[in-house]
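Below: one structure, written as structure tokens.
A quick note: this is a predicted structure, and the numbers were derived from the prediction, not measured. If you read the sequence from its start, that first residue is 1, and numbering goes on from there.
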Amino acid sequence: MSDKYAIDSHKLIYHPKRVAQLLEVGDDWEKAKSVYPIYVEIAPVGACNHRCTFCAVDYIGYKTNMLDVGVLKERLAEMGRLGVKSIMYAGEGEPLLHKRIHEIVKMTKEAGIDVSFTSNATVMTDQFLQEALPLISWFKVSFNAGTAKTYAQIHQTRERDFQKVIDNLKRAVAVKREKNLECTLGIQSLLLPENAGEMEQLAELSRDIGLDYLVVKPYSQHLFSETHKYEDIDYSPHLEMARKLESYNTKDFNVVFRGHTMKKYIETGRYQKCYATPFVWGYIMADGSVYGCSAYLLDKRFEYGNINEQSFQEIWEGARREENFRYIRHELDIKECRRNCRMDEINRYLHALQENTIPHVNFI
């Protein structure tokens, strides 16, 4: 199936200078400390207006923390200078609940950083669409059903939110067309037992709204989640779904069925070390805490500092990240990590480079 955005793969190969820098590190902290993340996920707010049955960060508690815009403006400018290339606003809460989110988008672009969102899209103001959408690379909506009843069941919200999101997406599509924007608009759905029979309905709905894509992806059990409802999902019976969904593709719309990732969820073996952390990505919580991996939020071993108290450079080059660097390098048991984490494909790539696992590499 068409996946021109490489959603079911990775894009680190397009950053060869950063990869070369990373490969030079070895056990040398002096080299490691200046390898800055290409990509950072930021949670503008901790609160959320849904309580999805699959929520990975339910254990955090949907706290009403909110990032200070003034502090964030300073840190964004700094991050841009230090080499951060992209930021996704999502996190442990619903990012559009931040009343000044449109300003945050402007600040991010002014810092020379690309902007994206993952959101439930229930709260989408005209101001956001008019002022922020033109500056966004992509906006992906978590929308996990093809009918209002199932949507309400999975998102644990009211059925009317189903149509509200559809209407908001139609507004976004209209603004995109009116302004001839490059922003990519799409829906992402976890494939779950409750919605498996509705993916064709969702594909048709997404196409008819005028979206660019629908992503159908597997669930991944978070280490600390309170919910374990979907922990043992077997995706083998669903892999043939890809063929059915292909029929909904057009020149302007594609279904990205993440079959490759589903197969990996079933696999048992993988690489033995994490090479992505604490290097190519990072996470900032709504309370300002900076982490090296979103699978370990609230785990002090992966917390480097707080942007309300220190500059980003002080945090990234500080003692707590150095401790985490050494821990990951020499102590972390990868078997305890989340399967199919966001850095999985990048780790497979870096593992092949670091461990020379590909035969005959010189025969290019």
Quick one: are the ring centres of [X] and [Y] less than 6.0 Å apart?
X	Y	answer
Y89	H98	no
Y219	Y230	yes
Y296	Y291	no
F117	F128	yes
Y36	F279	no

In terms of hydrophobic clustering (I, L, V, M, F, W, Y; side-chain heavy atoms under 4.5 Å; direct or indirect links), are [X] and [Y] co-clustered?
X	Y	answer
L96	I187	yes
V19	Y39	yes
Y283	M88	no

Between [X] and [Y], does at least one N-O distance fall below 4.0 Å, as a salt bridge requires?
X	Y	result
E103	K106	no
R321	E317	no
D212	K176	yes
D167	R171	no
D27	R329	yes
K33	E30	yes
K264	E345	yes
K149	E159	no
E41	R342	yes
E246	R243	no

task = Start with the C-alpha distance between Y248 and E200, add both sets of side-chain angles, then the distance that settles side chain to side chain donor-acceptor pair (under 3.5 Å), and finish with yes or no.
result = CA-CA 8 Å; Y248 293 90; E200 289 191 68; 3.0 Å; yes
request  = Test F224 against D299 for side-chain contact (heavy atoms from CB on, under 4.5 Å), laying out the working first.
outcome  = CA-CA 10 Å; F224 308 137; D299 187 328; 4.1 Å; yes
request  = Take L97 and V123 through the test side-chain contact (heavy atoms from CB on, under 4.5 Å) and record every step on the way to the result.
outcome  = CA-CA 7 Å; L97 290 176; V123 184; 3.9 Å; yes
Is it the case that [X] and [Y] place a side-chain donor and acceptor less than 3.5 Å from each other?
X	Y	answer
T150	E194	no
S9	D3	no
N144	H155	yes
Y304	N324	yes

request  = Before giving the answer on ring pair (Phe, Tyr, Trp, His ring centres under 6.0 Å), spell out for F162 and F143 the whole-Å C-alpha distance, their side-chain angles and the decisive distance to 0.1 Å.
outcome  = CA-CA 8 Å; F162 181 82; F143 193 82; 5.1 Å; yes
inquiry  = Parallel, tilted or perpendicular, judged at 30° and 60°: which one describes the rings of F363 and H360?
reply    = perpendicular
